[in-house]
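Report on the following structure.
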Amino acid sequence: MTSRLEDSWAEVQQGWISLLRRLKHLTPRGLFGRVLLIVILPVVLAQGVATYTFFSGHWETVTRRLASAIAGDSWMIVQGVERERGDPLRVSAFLEESYHGTEIRAELRPEGAMDPAPNLTPSLTRRLMAQAMRRKLEERDFWVDSQSDPELLRMQVALRGGGALMMSLPLKRLVTPSSNAFILWMLGSSLGLCAIAVLMMRNQIRPIHRLAEVVEQFGKGRDVPGYRPEGALEVRRAAVAFLLMRDRLRRQMAQRTAFLAGVSHDLRTPLTRMRLQLALLPDSQEIQDMVRDIGEMEAMVEGYLAFARDEEDEPRVYIDLAELLADLIEQENRTGGDVAWSQGAPAEPFGLTAPPRALRRCLGNLLGNAVRYGGRVRVGMQRLNQTAGDTLEVMIDDDGPGIPAEKREDVFRPFVRLDPARHGGGNGNGNGIGLGLTVARDIARRHGGEVTLGESPMGGLRATLRLPV
């Protein structure tokens, strides 16, 4: 028994979880839509409950009483017509007098049967009126029409001895005016509250959108001058926290750049002195090994300096990425490389705003790395339409030995070198010191992009650079 209860409870839980998941896909994804849903949904529910209560309680009760009064007046007219039916003049006078007292205009049809009942759709007013007439007329045939004429309520009642009495009266006697006023008030207040909620929420959401835009631009290496915290207290606190974080990051970057540049510059003097001293000594194998080590150290120092220069602030300008790549391809081919476009040079411009020297160094490192470790190199470009905006993608393929998948992230670490299969420098630059891919990824990430490595259709390595427009 306990096991069955547990199984049933588990099924109920799974059903609720499945229902909540389906409802989650129907709810708005943005903050503006969700807040409006939170504000408007209770208003709509409250208005709906109030309307249902009004129609099922007050309105129906009032309509039933009005229908009972009309049925009583109609029954009085029917009895009077049957009582005076032998004298047409008295019937006519009675109907005229009844019209002035009840607003019911009656017409005696002494010959023939009743007219066929009109084919009407069910309605609450017609149902209540028919119930009231049934209680008064008992076994008599009748029909009620509240839809053929928007201003009249029509009824026909069979008379004893044959014939029928056709009656009509203003429909407003059955429908209370308060119902229309109530409906208009409910609709008007709901629309007014919704309009106020939309206007207020737009003003509250605007600072959040502005803050998100500033954060996105900062993540892409761009600055938004003149930004000031605004909006609600919580949004202002988040904006102030972001501005403080931005200032701290800038100070840290500036301090790291200055320190790196200073250390690298100071190391060049003793290295130059050592090289001069070794040049004055007699030539030997040991001297040649030391000169080679000093040359490698100088290359590392130059790499440090180049890395530090890339950290410096550089003005951003509009750059045609296709044109920049064409210039780099021509430069590599002049030095003996085999570099070409994979599908021909792009016919349209691929423009973006970026620091030109840093972007040139990023693409140059990727292209030089492919030329160094592969025989043939092919370059492709495409524009991606993503949720966060357009992105330019550059793909550089080579037919070299490639890099194992498990080591592709390692080569982005500074001064990491792979085995000799990649000629001693898996992320090398011109001197093979292991900073090329590190610098390329760092530049890409500082401007909201990314550099990844993968398999090339040419059999070697594919380096992919993505940059937001």
Side-chain angles (χ1 to χ4, degrees), residues 213-224 306 309-335 337-374 376-400 408 412 427 429 436-458 460-469:
E213 179 184 355
V214 172
V215 173
E216 182 180 0
Q217 295 299 321
F218 180 72
K220 296 178 180 179
R222 307 169 187 173
D223 193 13
V224 181
R309 283 193 297 268
D310 286 330
E311 294 289 331
E312 296 175 354
D313 289 334
E314 184 183 1
R316 305 172 66 91
V317 298
Y318 178 82
I319 301 173
D320 186 349
L321 197 59
E323 184 178 340
L324 176 59
L325 270 172
D327 184 52
L328 291 173
I329 290 173
E330 183 180 356
Q331 180 179 329
E332 292 292 342
N333 288 332
R334 281 200 303 265
T335 58
D338 181 7
V339 186
W341 293 100
S342 58
Q343 296 180 350
E348 59 174 323
F350 284 76
L352 75 163
T353 303
R357 189 177 64 196
L359 184 58
R360 186 179 187 89
R361 180 171 175 80
C362 174
L363 289 170
N365 285 359
L366 296 177
L367 200 59
N369 196 71
V371 171
R372 191 172 306 112
Y373 304 129
R376 294 183 303 116
V377 177
R378 296 297 176 261
V379 180
M381 289 186 64
Q382 62 179 346
R383 187 185 301 271
L384 304 177
N385 294 321
Q386 299 180 341
T387 305
D390 289 348
T391 300
L392 297 183
E393 184 178 74
V394 179
M395 297 153 291
I396 301 176
D397 296 300
D398 65 61
D399 59 354
R408 287 172 188 161
F412 288 106
N427 68 339
N429 56 13
L437 290 180
T438 304
V439 171
R441 172 173 275 189
D442 183 74
I443 293 173
R445 286 183 171 179
R446 279 193 284 119
H447 299 93
E450 184 60 281
V451 175
T452 57
L453 301 179
E455 296 288 342
S456 170
M458 298 173 62
L461 187 70
R462 164 173 283 188
T464 302
L465 169 65
R466 294 186 182 90
L467 291 173
V469 177

Rounded distance (nearest 0.5 Å) linking atom [atom1] of [X] with atom [atom2] of [Y]:
X: Leu352; Y: Arg316; atom1: CG; atom2: CZ; value: 8.0 Å
X: Thr464; Y: Glu393; atom1: OG1; atom2: CD; value: 5.5 Å
X: Leu465; Y: Cys362; atom1: CG; atom2: SG; value: 5.0 Å
X: Ile319; Y: Leu467; atom1: CD1; atom2: CG; value: 9.5 Å
X: Arg466; Y: Arg445; atom1: CZ; atom2: CZ; value: 12.5 Å
X: Arg408; Y: Arg462; atom1: CZ; atom2: CZ; value: 11.5 Å

Could you walk me through whether Val379 and Met395 pass the side chain to side chain contact (heavy atoms under 4.5 Å, CB included) check? CA-CA 6 Å; Val379 180; Met395 297 153 291; over 6 Å; no
Counting C-beta onward and ignoring hydrogens, is there a side-chain heavy-atom pair between [X] and [Y] closer than 4.5 Å?
X: Val451; Y: Leu366; answer: yes
X: Trp341; Y: Leu325; answer: yes
X: Glu330; Y: Arg334; answer: yes

Looking at [X] and [Y], does any basic side-chain N land under 4.0 Å from a carboxylate oxygen?
X: Arg441; Y: Glu450; result: yes
X: Arg372; Y: Glu332; result: no
X: Asp338; Y: Arg376; result: no
X: Asp398; Y: Arg378; result: no

Please walk me through it: do Asp442 and Phe412 pass side chain to side chain contact (heavy atoms under 4.5 Å, CB included)? CA-CA 9 Å; Asp442 183 74; Phe412 288 106; over 6 Å; no
Give a yes or no answer on whether the side chain of Thr391 reaches the backbone of Leu384 with a donor-acceptor pair at less than 3.5 Å. no
Quick one: does any side-chain atom of Asn333 pair with a main-chain N or O of Val339 as donor and acceptor, under 3.5 Å? yes
Which atom names give the shortest non-hydrogen contact between Ala322 and Pro346, and what distance separates them? CB-CG, 4.0 Å
Kindly give the heavy-atom pair with the smallest separation between Pro349 and Asp320, and that separation in Å. CB-OD2, 3.7 Å
